[in-house]
Novice: 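Below is one structure. I have some questions about it.
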Amino acid sequence: MMAMGVDRFVVTLVDPTKGKQEERWWSKAEVVKGMAWLKRMNARGYDVWVRPDGEHGLVLLGGLKKQDLQTLRERGFAPAVVVETGPEQYQAWVKLSQRALTDPLRGRAAEVLVQGLGRHGAKAISRADGRLAGFTNQQVQRSGGRHPFVLVTECEGRVAQAAPAYLARLEQERAKVQAVQRDQKLEQSRTPSR
């Protein structure tokens, strides 16, 4: 959580068998203070999820394999944090900026980043709930009925090298779309109605 560079989190407990869900809005210190309670809830069958609270500069990609992580690195998008959620299953938090980005921009950025990774079922997670490391993944069962622990496998915490140019390109695309929409509205307003 420290490598993510945010101060507040939404911690979500999900009981996958009952569909029950609880959310807590906590600071980093409150997350640490709540660990014993989170462990008890995890032992009772709840999955533990986390996301930054409010706007931030991170996107979450899920359903990744090791090759997908390597592809991200080769493209200049080395993840700030990688979490192994089950055997050969990963989630990657990619830091696009130290500053807060709007939800639509982060969503678009994640959708484009995940392109070309889909052969394994990779996906952009728009709501950005990732599994919290140190707890078991209740949705996956190993032989013997045990659930695997969610583990942090990388924790660099850096802004991706290619992110500044990538965000500039996305902003240019958005500006072009807005200009076209503005021109279309202007043209429609000039067209006499019959």
Novice: Is it true that V159 and L167 fall in one hydrophobic cluster, defined by side-chain heavy atoms closer than 4.5 Å?
Specialist: no
Novice: Nearest 0.5 Å, what's the CG-CG distance between L69 and L61?
Specialist: 9.0 Å
Novice: When you compare the side chain of F9 with that of M4, does any pair of heavy atoms fall below 4.5 Å?
Specialist: yes
Novice: Give the intermediate values and the outcome of side chain to side chain contact (heavy atoms under 4.5 Å, CB included) for residues V6 and K28.
Specialist: CA-CA 8 Å; V6 295; K28 285 187 259 190; over 6 Å; no
Novice: Using the salt bridge (charged side-chain N to carboxylate O under 4.0 Å, His left out) rule, take R51 and E23 through it: C-alpha gap first, then chi angles, then the decisive distance, then the call.
Specialist: CA-CA 11 Å; R51 73 177 183 269; E23 288 187 331; 3.5 Å; yes
Novice: Might you point out which heavy atoms bring D68 and G63 nearest each other, and give the distance in Å?
Specialist: OD2-O, 4.3 Å
Novice: Are any of the side-chain nitrogens in R24 or E22 under 4.0 Å away from the carboxylate oxygens of its partner?
Specialist: yes
Novice: Do other residues, nucleotides or ligands put more than 12 heavy atoms under 6.0 Å from the CD atom of Q161?
Specialist: no
Novice: Roughly how far apart are Q115 CD and E111 CD, rounded to 0.5 Å?
Specialist: 8.0 Å
Novice: When you compare the side chain of E156 with that of K95, does any pair of heavy atoms fall below 4.5 Å?
Specialist: no
Novice: Indicate if F149 and V140 have the same hydrophobic cluster label, given that clusters are the connected sets of ILVMFWY residues with side-chain heavy-atom separations under 4.5 angstrom.
Specialist: no
Novice: More than 12 heavy atoms of other residues, nucleotides or ligands under 6.0 Å from CZ of R158: yes or no?
Specialist: no
Novice: Tell me whether V81 shares a hydrophobic cluster with W26, the cluster being built from Ile, Leu, Val, Met, Phe, Trp, Tyr side chains joined at under 4.5 Å.
Specialist: yes
Novice: What's the verdict on side chain to side chain contact (heavy atoms under 4.5 Å, CB included) for Q139 and T85, showing C-alpha distance, side-chain angles and the deciding distance?
Specialist: CA-CA 10 Å; Q139 295 176 338; T85 61; over 6 Å; no
Novice: Are V83 and F135 joined in one hydrophobic group, where the rule is that I, L, V, M, F, W and Y side chains link up if heavy atoms are under 4.5 Å apart?
Specialist: yes
Novice: Please check this pair: side chain of N137 against backbone of G86, looking for a donor-acceptor N/O pair closer than 3.5 Å.
Specialist: no
Novice: Restricting to non-hydrogen atoms, name the atom on A110 and the atom on V59 that form the minimum distance, rounded to 0.1 Å.
Specialist: CB-CB, 3.9 Å
Novice: Answer yes or no: is there a donor N or O on one side and an acceptor on the other, between the side chain of D15 and the main chain of G19, under 3.5 Å?
Specialist: no
Novice: Evaluate the side-chain proximity of L101 to H56: yes if any heavy-atom separation is below 4.5 Å, no if none is.
Specialist: no
Novice: Looking at side-chain heavy atoms only, is the closest gap between V82 and V152 below 4.5 Å?
Specialist: no
Novice: Pairs in or reaching into residues 80-116: which pass ring pair (Phe, Tyr, Trp, His ring centres under 6.0 Å), with residues at least two apart or in two chains?
Specialist: none
Novice: Side chains of D47 and P16, heavy atoms from C-beta outward: is any pair under 4.5 Å?
Specialist: yes
Novice: Between L60 and Q91, what is the shortest heavy-atom contact and its length?
Specialist: CD1-CB, 3.9 Å
Novice: For V180, what are the other residues in its hydrophobic cluster, where any two members join if their side-chain heavy atoms are less than 4.5 angstrom apart?
Specialist: none
Novice: Is the closest basic N to carboxylate O distance between R106 and D103 below 4.0 Å?
Specialist: yes
Novice: Given V150 and L132, is the side chain to side chain contact (heavy atoms under 4.5 Å, CB included) satisfied, shown in steps?
Specialist: CA-CA 7 Å; V150 176; L132 186 56; over 6 Å; no
Novice: Atom NZ of K33 and atom CG of L38: how far apart are they, to the nearest 0.5 Å?
Specialist: 13.0 Å
Novice: Between R8 and W25, is there a donor-acceptor pair closer than 3.5 Å when you use the side chain of the first and the backbone of the second?
Specialist: yes
Novice: Is there a side-chain contact between V94 and L96 in this structure, where contact means two heavy atoms from C-beta onward sitting under 4.5 Å apart?
Specialist: yes
Novice: Would you say the ring centroid of F77 lies under 6.0 angstrom from that of Y166?
Specialist: yes
Novice: Could you go step by step and tell me if V50 and T12 meet the side chain to side chain contact (heavy atoms under 4.5 Å, CB included) rule?
Specialist: CA-CA 6 Å; V50 66; T12 305; over 6 Å; no
Novice: Flag the pair E154 and R73 as a salt bridge only when some basic side-chain nitrogen lies within less than 4.0 angstrom of an acidic carboxylate oxygen.
Specialist: yes
Novice: If you measure from CG on L13 to CD on Q21, what distance do you get to the nearest 0.5 Å?
Specialist: 9.0 Å
Novice: So does T136 get a backbone contact from the side chain of H147, meaning a donor-acceptor N/O pair under 3.5 Å?
Specialist: no
Novice: Does one side chain, of R131 or Q89, offer a donor that lies under 3.5 Å from an acceptor on the other?
Specialist: no
Novice: Is a donor on one side and an acceptor on the other found under 3.5 Å between the side chain of D129 and the backbone of W49?
Specialist: no
Novice: CG of L64 to CD of E84: how many Å apart, nearest 0.5 Å?
Specialist: 12.0 Å
Novice: Would you check if the side chain of E30 reaches a backbone N or O of S27 as a donor-acceptor pair within less than 3.5 Å?
Specialist: yes
Novice: What pair of heavy atoms forms the shortest contact from A160 to G76, and how long is it?
Specialist: CB-O, 3.5 Å
Novice: Could you check whether any side-chain heavy atom of V48 comes within less than 4.5 Å of a side-chain heavy atom of M41, counting everything from C-beta outward?
Specialist: no
Novice: For the atom pair NZ (K65) and OG1 (T71), what is the distance rounded to the nearest 0.5 Å?
Specialist: 13.5 Å
